[in-house]
Amino acid sequence: GIDFTNITTITAALDNVTVTVPVAAAGGLAVDDIIRIDTEYMWITAIAGLNLTVVRAAQMNQVAAAHLTGVNVARLVLDLPEELELAIAMITAALIAARRDNEEGVTGVRSFMIGSYSVTYGRGAGESGYPFIPMQAQIILEPYRNVALR
């Protein structure tokens, strides 16, 4: 599932524009972690000692807010079954490749690999948009679906 685990606290109040977050301890945090302070989500882009550099309001339609000294810093924890991680990787790989192909104007059959997973898909000249969700990902996601996959 998706959860947040309290890791540390902030050691100084934050206004709504500061991008350096001073914390009591940085252990358990890493670059690219998503953290939550109060209800604001932030993305860690650098760690220097006890200072986190973050992108503020990292959730869509969110606005950066002020935070008081001593407020908890919670790290996003994703505990997904391995097959869901694989399906997400397959879909992400297909979308990244399709976006690149759209930018380059490439058509025809394309193949690419991420780790040991290979995606092959075709698109004719004049077709737009992204490829369908790869069949392997659809098979993995079938037991989890709430809506039809197309």
Side-chain angles (χ1 to χ4, degrees), residues 1-106 110-119 121 128-150:
I2 300 173
D3 201 3
F4 282 87
T5 300
N6 288 334
I7 299 292
T8 188
T9 58
I10 60 174
T11 58
L14 301 177
D15 59 22
N16 65 338
V17 294
T18 302
V19 295
T20 300
V21 178
V23 294
L29 295 171
V31 170
D32 290 330
D33 278 350
I34 300 295
I35 58 173
R36 182 180 67 201
I37 299 176
D38 292 325
T39 59
E40 182 182 351
Y41 294 89
M42 301 176 195
W43 171 39
I44 299 174
T45 59
I47 300 175
L50 296 177
N51 292 302
L52 312 176
T53 302
V54 298
V55 172
R56 300 288 301 267
Q59 186 180 27
M60 196 167 160
N61 298 321
Q62 192 176 50
V63 176
H67 305 283
L68 300 175
T69 301
V71 172
N72 285 327
V73 176
R75 182 176 60 85
L76 174 67
V77 178
L78 294 176
D79 186 20
L80 299 176
E82 189 175 326
E83 69 269 10
L84 287 181
E85 289 181 6
L86 178 60
I88 291 166
M90 290 176 192
I91 294 166
T92 302
L95 292 174
I96 290 168
R99 183 184 71 203
R100 186 190 69 232
D101 289 351
N102 281 341
E103 291 168 356
E104 295 173 2
V106 175
R110 297 280 291 182
S111 293
F112 58 95
M113 293 187 70
I114 290 186
S116 62
Y117 175 69
S118 174
V119 173
Y121 65 93
S128 62
Y130 298 115
F132 60 92
I133 295 174
M135 183 56 68
Q136 299 94 324
Q138 290 184 42
I139 292 167
I140 291 170
L141 293 172
E142 181 64 28
Y144 298 94
R145 76 180 181 147
N146 291 322
V147 294
L149 298 174
R150 297 175 194 241

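A heavy-atom distance below 4.5 Å is found between the side chains of L29 and T8. Using a 4.5 Å heavy-atom cutoff, the side chains of V19 and T45 are not in contact.
For L76, the side-chain contact (heavy atoms from CB on, under 4.5 Å) test picks out I2, F4, I34, L78, with sequence neighbours left out. The side-chain hydrogen bond (donor to acceptor under 3.5 Å, both in side chains) test applied to T18 returns D15, not counting sequence neighbours.
Taking CD1 from I37 and OG1 from T9, the interatomic distance works out to 10.0 Å, rounded to the nearest 0.5 Å. Between atom CD1 of residue I44 and atom CG of residue L52 there is a gap of 5.0 Å, rounded to the nearest 0.5 Å. Within the model, atoms CD1 of I10 and OG1 of T69 stand 6.0 Å from one another, a figure rounded to the nearest 0.5 Å. To the nearest 0.5 angstrom, N16 atom CG is 9.0 Å from H67 atom NE2.
Taking every heavy atom of both residues into account, A64 and A57 meet most closely at N-CB, 3.5 Å. Contact between V23 and T11 at its shortest, heavy atoms only, is C-CG2, 3.6 Å.
Considering V73, V55, T53, V21 as possible partners of M42, the one that fulfils the side chain to side chain contact (heavy atoms under 4.5 Å, CB included) test is V21.
Among residues at least two apart or in separate chains, there is no salt bridge (charged side-chain N to carboxylate O under 4.0 Å, His left out) pair with a member in residues 59-70. Screening residues 29-47 for salt bridge (charged side-chain N to carboxylate O under 4.0 Å, His left out) gives E40-R56 as the qualifying pairs, with residues at least two apart or on separate chains. The stretch residues 43-54 participates, sequence neighbours left out, in no salt bridge (charged side-chain N to carboxylate O under 4.0 Å, His left out) pair at all. The ring-ring contact (aromatic ring centres under 6.0 Å, His included) pairs that include a residue from residues 14-33 number zero, where partners must be two or more places apart or lie in different chains.
Heavy atoms of other residues, nucleotides or ligands lying less than 6.0 angstrom from CG of L50 number more than 12.
A donor-acceptor pair under 3.5 Å is formed between the side chain of Q62 and the backbone N or O of T39.
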Verdict with reasoning, I7 to I35, per side chain to side chain contact (heavy atoms under 4.5 Å, CB included): CA-CA 9 Å; I7 299 292; I35 58 173; over 6 Å; no

